[in-house]
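All values below come from the heavy atoms of this structure, side chains included, with hydrogens, waters and symmetry mates left out.
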Amino acid sequence: MSRMSLLGWNLWPPTLPFYSHPYAIQSTLLKVADVMLWRRGNLTMGILLVTLAAWVVFEKSGYTLLSLVSNVLLLLIGILFLWAKSAAILNRPAPPLPELYLSEETVNEMGAFIRAQVNDILSASKDIALGKDARLFFKVAGYLLLISLVGGLTDFLTLGYTSLVVVLTVPALYERYEDYIDSYTILGYRKMQQLYVKFDSKFVNRFRKWILEKQKLS
């Protein structure tokens with residue numbers, strides 16, 4: 001089994017057909033993978049420390065995300081404005097800003113990708129609503145229940161920081177203990193399949209038969 005495939009992270013080769021520059025995307029994904037797998041340990045540790053500091057600031061200062069972002073942007077544009085005005089007066093170079101431009105081709109490709117994903121979600125939602133896919137229904141219900149329980153136990157910022165810590169630690173641990181994790185995961189998956197088959201035969205099939213009998217009687 002290839003690395004990172006069991007968790008659903010197929011980082012190589014990347015499957016992003018809507019981009020026109022696959023080599024740039026491959027390079028970006030490899031850099032992200034290096035950060036997640038602690039191959040660039042200083043950068044990964046820096047990200048964790050910065051996010052921890054941001055979380056502490058939010059928790060202790062009473063700032064909200066919107067107010068902090070607004071203040072940071074206000075400070076940034078104020079500095080750039082004064083820099084540009086003073087540079088014009090003193091015949092100095094203007095602030096070195098990168099060129100900010102979003103091409104029409106990129107927007108169309110992103111729009112097509114988002115449209116395809118939304119259509120897939122809507123199609124799956126229709127199947128769930130019409131009772132065509134019981135397995136998908138239980139999966140979605142389980143995920144929503146899990147999200148509801150987690151959301152009731154913590155706030156959004158804490159959840160975001162915890163998720164980042166998980167993203168930056170779990171892949172590295174998986175890479176180191178891949179064989180052990182794979183064996184136990186496959187064993188657990190088989191057990192879950194057996195439990196699902198029993199549940200489906202005892203409850204879901206009976207419920208379907210009961211509905212069909214009601215329909216026949218009506």
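Across Val166 and Pro171, no two heavy atoms sit closer than the pair O-CD, 3.6 Å. Residues Ile181 and Leu173 share a closest heavy-atom pair of CD1-O, 4.0 Å. Minimum interatomic distance between Pro93 and Ala87 (heavy atoms only, all atoms of both residues): O-CB, 3.4 Å. The minimum heavy-atom distance between Leu74 and Ile77, with the atom names listed, is O-CG1, 3.3 Å.
No side-chain heavy atom of Asp127 sits less than 4.5 Å from a side-chain heavy atom of Phe137. Looking at heavy atoms from C-beta onward, Tyr196 lies in side-chain contact with Arg135 at the 4.5 angstrom threshold. For the pair Leu75/Ile79, a side-chain contact is recorded, criterion being any heavy-atom separation below 4.5 Å from C-beta on.
Hydrophobic cluster membership is shared by Met45 and Trp55, with clusters built from Ile, Leu, Val, Met, Phe, Trp and Tyr side chains linked at under 4.5 angstrom. Two different hydrophobic clusters hold Leu82 and Leu80 under the rule that ILVMFWY side chains link at heavy-atom gaps under 4.5 Å. Follow the hydrophobic side-chain contacts under 4.5 Å out from Phe138 and you never reach Ile147; the two are in separate clusters. Linking ILVMFWY residues whenever their side-chain heavy atoms come closer than 4.5 Å, directly or via other members, leaves Tyr174 and Tyr184 in distinct clusters. Residues Phe81 and Trp83 fall into different hydrophobic clusters, defined by Ile, Leu, Val, Met, Phe, Trp and Tyr side chains chained together at heavy-atom separations under 4.5 Å.
Taking CD1 from Ile186 and CG from Asp182, the interatomic distance works out to 5.5 Å, rounded to the nearest 0.5 Å. Going from atom CG of Asn42 over to atom CG of Leu49 covers 10.5 Å, rounded to the nearest 0.5 Å. Atom-to-atom distance recorded for Tyr180:OH and Thr185:OG1 is 14.0 Å, nearest 0.5 angstrom. Note that CD of Gln193 is 10.5 Å distant from CG of Leu195, once rounded to the nearest 0.5 Å. Taking CD1 from Ile114 and CD from Glu109, the interatomic distance works out to 12.0 Å, rounded to the nearest 0.5 Å. Interatomic distance, Thr106 OG1 to Met110 CE, rounded to the nearest 0.5 Å: 8.0 Å.
Annotation: Gln117, atom CD; neighbour count of heavy atoms from other residues, nucleotides and ligands within 6.0 Å is above 12.
Checking side-chain atoms of Thr169 against main-chain N and O of Val165 turns up a donor-acceptor pair under 3.5 Å. A distance-only check finds no donor-acceptor pair linking the side chain of Ser148 to the backbone of Leu144 [under 3.5 Å].
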